[in-house]
Amino acid sequence: MQMLVLYETIFGHNLELAQQVQEEFPTSKLIKISAAKPESLKVAGLVVLCPCTYGEGQLTAPEVSFCQGLDHSNLAATSYLVTGVGDKDYGSYQFARAAIIFDHYLKAAGAHPIAKPLRIDYDELNDKAVQIVTLIKNWQKEADDG
């Protein structure tokens, strides 16, 4: 099964999370969202997305373009996990909101979440990265057994 780890970052936190996940799955591909195409998600068995939130809970311009491309995609054979790093000090609405937005677009394209979107405060990054890796490994085991 091919696994893609997509990320977008401004301050480096989502890149750091994506790298920690990718290091645990050496055959996965790490790709910046601005360099990816929505069609590439069709060939992956699992997509892990680490989108970036900035300002008042907005997506970056490359993320907006990517999500717009998802409008025309059929991802019925794709499973995904969306997780984003943010700062809880911005309030519950803005905090890592890109994860919620990407989850909405992926579901609309027919993709299947392996868990609810995970929003991580940057102070908890390393602990939560371990939790994400465990979640993915458990999902892979279930997929292999099923």
Side-chain angles (χ1 to χ4, degrees), residues 1-73 75 78-143:
M1 170 194 63
Q2 183 179 17
M3 183 170 127
L4 296 177
V5 181
L6 303 179
Y7 74 94
E8 196 63 43
T9 193
I10 293 174
F11 298 110
H13 303 299
N14 286 295
L15 170 59
E16 184 179 344
L17 175 60
Q19 287 173 327
Q20 287 182 28
V21 171
Q22 196 273 332
E23 286 172 5
E24 292 293 324
F25 303 95
T27 60
S28 65
K29 292 184 181 181
L30 180 67
I31 304 170
K32 194 167 184 179
I33 290 173
S34 59
K37 297 197 182 308
E39 305 85 52
S40 64
L41 276 59
K42 290 181 180 181
V43 299
L46 178 64
V47 179
V48 178
L49 292 111
C50 305
C52 177
T53 303
Y54 83 100
E56 297 296 316
Q58 297 124 322
L59 300 178
T60 64
E63 290 171 327
V64 169
S65 295
F66 190 87
C67 284
Q68 289 171 343
L70 289 172
D71 282 343
H72 309 291
S73 299
L75 301 177
T78 303
S79 295
Y80 72 92
L81 174 64
V82 182
T83 182
V85 181
D87 185 344
K88 287 182 180 176
D89 289 339
Y90 283 101
S92 63
Y93 179 76
Q94 291 93 345
F95 169 59
R97 187 167 175 255
I100 303 298
I101 295 169
F102 266 79
D103 181 61
H104 169 79
Y105 277 94
L106 288 160
K107 280 181 183 172
H112 307 280
I114 68 168
K116 291 180 183 179
L118 301 171
R119 300 187 297 167
I120 301 169
D121 189 74
Y122 68 88
D123 289 334
E124 302 172 337
L125 180 77
N126 292 329
D127 292 338
K128 294 295 183 176
V130 171
Q131 181 182 352
I132 290 165
V133 167
T134 301
L135 179 68
I136 294 168
K137 287 180 179 179
N138 289 341
W139 176 84
Q140 284 180 326
K141 185 179 182 323
E142 287 178 23

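- Here the side chains of E16 and L125 are in contact, with some heavy-atom distance below 4.5 Å.
- The two residues K116 and L81 come nearest to each other via the heavy atoms O-CD1, 4.2 Å.
- Note that the CG atom of N126 and the CD atom of Q131 stand 13.0 Å from one another [nearest 0.5 Å].
- F95 and I120 make their closest contact through CZ-C, 3.5 Å (heavy atoms, listed as atom of the first residue, atom of the second, distance).
- For D121 (side chain) and K88 (main-chain N/O), a donor-acceptor pair under 3.5 Å exists by modelled atom type.
- Y7 OH to Q19 CD: the interatomic distance, rounded to the nearest 0.5 Å, is 7.0 Å.
- Note: T83 OG1 to L118 CG = 4.5 Å, rounded to the nearest 0.5 Å.
- When every heavy atom of I10 is checked against every heavy atom of C52, the shortest pair comes out as CG1-SG, 3.6 Å.
- Of all non-hydrogen atoms in Y80 and A111, the two that sit nearest each other are CD2-CB, 3.5 Å.
- Here the NE2 atom belonging to H13 is positioned 9.0 Å from the CG atom belonging to D123, to the nearest 0.5 angstrom.
- Within the structure, side-chain hydrogen bond (donor to acceptor under 3.5 Å, both in side chains) contacts touching residues 49-71 (residues at least two apart or in different chains) are E56-Q94, T60-E63.
- Taking 4.5 Å as the limit, every side-chain heavy atom of E8 sits out of range of all side-chain heavy atoms of P51.
- Across every non-hydrogen atom of A96 and R119, the tightest pair is O-CD, 3.3 Å.
- No side-chain heavy atom of K137 sits under 4.5 Å from any side-chain heavy atom of K141.
- Residues Y105 and F66 have side chains not in contact (no heavy-atom distance under 4.5 Å, counting atoms from C-beta outward).
- Residues F11 and V85 fail the side-chain proximity criterion, which asks for heavy atoms closer than 4.5 Å.
- Here the shortest heavy-atom pairing between G57 and I101 reads O-CD1, 3.9 Å.
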Determine all donor-acceptor pairs shorter than 3.5 Å in which one atom belongs to a side chain in residues 25-42; sequence neighbours excluded.
from: S28; atom 1: OG; to: F25; atom 2: O; distance (Å): 2.6
from: S40; atom 1: OG; to: K37; atom 2: O; distance (Å): 2.5

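- Here NZ of K128 is found 11.5 Å from CG of L135. Values are rounded to the nearest 0.5 Å.
- Contact of the L70 side chain with the L75 side chain is registered, since non-hydrogen atoms from C-beta on lie closer than 4.5 Å.
- At least one side-chain heavy atom of M3 sits less than 4.5 Å from a side-chain heavy atom of V21.
- A heavy-atom distance below 4.5 Å is not found between the side chains of P113 and L106.
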